[in-house]
Structures are given as C-alpha cells and as structure tokens.
There are 2 protein chains.
Amino acid sequence: MNITIIGLGLIGGSIAAALKQQQPAVTLTAYDKKLAALKYAKQKTLIDHYTNNIGTAISKAEIIIIAVPIHAYTTVLREIGKYITTAQIITDVGSVKNTTIAIARRELKNNIAQFVPGHPIAGSEKAGIANAQSDLFMQRQVILTPTAKTNPRAITKITNLWQSLEATVTIMPPNKHDKILAATSHLPHVISYAYQNIFTRRKNITKYAANSFKDMTRIAKSNPKIWADIFLANSKAVLTEIKKFKQQLVLLETSIHNLNNQKLEKLL
Amino acid sequence: MNITIIGLGLIGGSIAAALKQQQPAVTLTAYDKKLAALKYAKQKTLIDHYTNNIGTAISKAEIIIIAVPIHAYTTVLREIGKYITTAQIITDVGSVKNTTIAIARRELKNNIAQFVPGHPIAGSEKAGIANAQSDLFMQRQVILTPTAKTNPRAITKITNLWQSLEATVTIMPPNKHDKILAATSHLPHVISYAYQNIFTRRKNITKYAANSFKDMTRIAKSNPKIWADIFLANSKAVLTEIKKFKQQLVLLETSIHNLNNQKLEKLL
C-alpha cells in the first residue's frame, strides 16, 4: 500500500514513524514546504520518498493524510483537488472539524465523499519532526467526524489505519467534536497562555515555582501560530467555554473575597 | 540531636523520611492527631518515637517542626506555647507566611524570637504520610521569612537543617513570599479548581481529553480543606493575582471574539 503524508511536523512525522514500525510493508511518500524536514525524515528512514510537489506526492497514494496547520488547508487542499482521482482516500488530523470540513468541501468539490475528517487526541507542546514519536497514538483516542456524504468504505479504511497504530477510533458529528475539544483542549490552552502572560514583566519570580506552575504553563510553550488558528477556527465553541470558565472563576473569587470558608470548600 | 515533627502528613512525613536518610543520627519524635499516621511512620522506621501529647512530643526537642494545615495552627501553637523553653527552636512549613506568623506571635508571645517561619516549595496533589518521599525537598527551594525579631542563630540552624536535605534556602520578607506564592502556586490552584468545575455536569466528555486536560486538572485533586485555608489566609494577594489573570484572559477572549489573528498571535 502507498500512503502519502502532506506535512511532516510532530503529527505527520509521528504517523510516519508509527507506520514504519507497525506496517513496514507500506510505502510512504511525504510532502512538506520545508526541504529540511523531508531530508531529515528520509535520513531517519521514517519515509521512503519525498517531493516538494503535491501532485507528484499523491500520484500513487491510496491514502493521503493531511497533517498541516489550519492556515495551510486551503492551499494544500486546492492542490490536492487538482490531482485527486476517485479511487483515492483523503484524511486529516486537524484539531477543529467544522472549519476544516468546510474548506475540504470547497476545494475537493465532487470528491468530498473521499474525505474522512479525523483528529488524533495526541500531541505535545514540542513541535516539528525532530520530536516525532512512533508511540504517540498508542492507547490514544482518534475521533473521526464523517458527514452524511462520506463514503462508508473510506471511513472503514481510515479506522483500520488508526487501529493499526494501536489508537482507539470514535466516530461523532463534527459539531460535537468541536464543542468537546473546545472544553477539554482549546480552553486549557487559552488558560495556560493567559496565566503565562501575567509573568511578562516579572519573570524573575518564576524561579520560586514548583510543579503547579510547570503544569499550568507547559502548553503555553506550544506554537502560537498553530494555536491562534485553532482558537479562531473554533471561536464560537471556545468563547462559550471561556464564558463557563469565567463564571466558575468568579464563584471562587467571590468566596475568597467574602472569606466564605464553607462555600469555598464546597466549590473545591 | 532531637527533632520533633508536629503533623505527619505528606510534608511532615517526607521531612521524617528525608532526615532518616540524610541524618540517621537524629532522634525523631512525632505528634499527630491521627494515631494511624504515627503507627505507620513508626512501622516504616521514619520516626523513633511518637505520642499524642504535644507537651511530651516537644519536651526533648532542639528543633520543633510544625507541619499541620493552616486551620490547626492556633491549637498547635497554643499547646507548644505552654511548654516551650528558651533553648528550643521552632519552624514551620506553611504555604502562607503573614497569617501563620501572626498566629505564632499571638500564641508564642515572648518566645517568638525562636520561631523561624519557613515554606518548602514542594508538594503534591497526593496528601498523607503514605505518599511521603525522602527526596521531596532535593533540589527544591525552601523560603524562610524571619521577622526583625527572629534570632539569627535560629535562622542559621533551620537553614542548615534544610540544606542537609539538599534543599536551596532563600530568605525573604513574609510579604514578598505571600505575593510571589499567590502568583506561582495559589493562583494555579484557583484556576485548576475553576477549570475542573466546568465539567461538573458533563464528566463523560473528559474521556476524550489528552495531556493538556490532565495538566490543567491535576492540582484540583488536592485537599479542598487545606487549599480553602490557603486561599483565605492569603486572600488579598490571591485576589490581586486572580484580577491580573482575568485581565489577560479577557485580552485573549476579545481577540478571539474579534477574530483578530494578528493580535491573538502576539498575545500567545
């Protein structure tokens, strides 16, 4: 089987590493804007072939995996749309689904049934192929969000692909995915960035910090461009969750302000 | 040397374990309200003697270490105040210093010069002696916050004690300590509890959570009574930090609401 990965960052690179380990018979081709990432992957034998032309990259692929940041979707899917044939299946790993599905619909047009929207719930604050891990998806959830138009056989193929990497596949509507992830992943990132920003002019005091500080700031080391994309692509659900969080924060704040031990303990 | 530990929870227990490892010549006596904690520590040879009477516990001690929750300070210090002699040194491990110093001043009266207020910046969401670790303070900061009245020789003795457990000792005013810890430790706990509370009626969705969720909720598993105490004992500084955090949160919220990618990226 031929699989092509478009975008060799942390996720694309980890898929390559995992496939090479779990499915050594697969022939892997990769495309990335950065030649250095492609050369690195080839040298580490994470991929078999690489090219800086998307048309060439996908020409023999049975499955095309899109693993680029949200802001690159339009460019990448437009190129794929030019060359795609009806026998090929496309999937992605984007952290938001409504927005990415809308782009895919616009760019793939009549081939949209071949697109299986996906999102592995795995990652790290460390970006780039140099941090790729072959076990990144093991015992992790992968959510697929097919639409009414998605070809059922394509869904099965992508399900099998993720299961071969030891991930657990769940299928749900894109809307549900975006609401859940706004609460469980996007909001924690908003909070972590906001918390980190209170130290902008007093970094010196963070030397007295322990584990609670480390946990609270780890994900604020994530790539700002990638996360600005995600927050804006899922803005409605993210704003809803920020509102809920602020309400809970104000409840705690009020109890502390009123020195109301009983109420405070109950909230904790 | 005889050392007495008042309160055998995670911190008191870890001090016992660390002392037994680093200073085996020390004779350790412990007091705790809970007989089970004392018996456990004795059985694990973390302490040499135990008693449920504070007067007896401290009678031979050169150094008395108070490791009880904030709400127990008055009771414990009143008992110590009854039996303390001028040759003995007292220290504590409380997470807030202004409030605990005020209690010590009230209860120890003329013996206040013998009290060296302290706070090891180490801990865990896991409470209790069963989670004690002999390496909890290694390569960690311990902040001492003596007042103008504190006996310099007492400060030196407590500094040496912590250094023997491989901790780094820093001395600063209690006010400064409370402001720094409000930002680096107390606020993260407030945030974690507030974040956790948005899932109260939808725990089912947390199964799709990854590391960002785990990091954001870990410290909300801490003991509610202990943390309600801390938030209230340091309420002014904690409220100041909550306000700063809310300002940063609103900046992010506004950029997301306005779909202002440039501003958002800058904030991240």
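Throughout, protein chains are lettered first and strands after them, A, B, ... in sequence-line order, and every chain is numbered starting at 1.
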Does B:H257 NE2 have over 12 foreign heavy atoms under 6.0 Å away? no

Any idea which of A:W227, A:F231, A:F199, A:Y195 has the most non-hydrogen atom pairs under 4.5 angstrom with chain B? A:Y195

Pick from A:I256, A:L251, A:L264 with the largest number of heavy-atom pairs that fall under 4.5 Å of chain B: A:I256

A:D215 with B:K214: basic N within carboxylate O range, under 4.0 Å: no

Of all the heavy-atom pairs spanning B:T184 and B:P188, show the shortest one and how long it is. O-CG, 3.3 Å

Are B:N234 and B:N98 close enough that a side-chain donor and a side-chain acceptor fall under 3.5 Å? no

Looking only at A:A210, A:S212, A:A209, most heavy-atom pairs under 4.5 Å shared with chain B are made by A:S212

Given the options A:A183, A:S235, A:S192, A:S255, which has more heavy-atom pairs under 4.5 Å with chain B than any of the others? A:A183

Top contributor to chain B contacts, counting heavy-atom pairs under 4.5 Å, from A:K244, A:R140, A:R202: A:R202

Engaged part of A:L252 at the chain B interface, taking heavy atoms whose separation is under 4.5 Å: side chain

Contacting region of A:I219 [heavy-atom separation from chain B under 4.5 Å]: side chain

Can you tell which part of A:H189 gets under 4.5 Å to a heavy atom of chain B, answering side chain, backbone, both or neither? side chain

For chain B, find which of A:N260, A:T170, A:T217, A:I198 contributes the most heavy-atom pairs closer than 4.5 angstrom. A:I198

Give, as side chain, backbone, both or neither, the part of A:V190 having an atom under 4.5 angstrom from any heavy atom of chain B. both

Donor-acceptor pair, distance only, cut-off 3.5 Å: does the side chain of A:N223 make one with the backbone of A:I226? yes

With chain A as the partner, which of B:Q196, B:H71, B:K207, B:E253 has the greatest number of non-hydrogen pairs under 4.5 Å? B:E253

When the 4.5 angstrom heavy-atom criterion is applied to A:Q141 and chain B, the contacting part is side chain

If you draw a 6.0 Å radius around CZ in A:R78, do more than 12 non-hydrogen atoms from other residues or ligands fall strictly inside? no

Using the side chain to side chain contact (heavy atoms under 4.5 Å, CB included) definition, which of the options B:I101, B:L144, B:I143 pairs with B:P174? B:I101

So, B:T150 versus B:T147: side-chain donor-acceptor pair below 3.5 Å or not? yes

Part of A:T168 lying under 4.5 Å from any heavy atom of chain B: neither

Greatest number of heavy atom pairs closer than 4.5 Å to chain A - which of B:T200, B:V250, B:L187, B:V238: B:L187

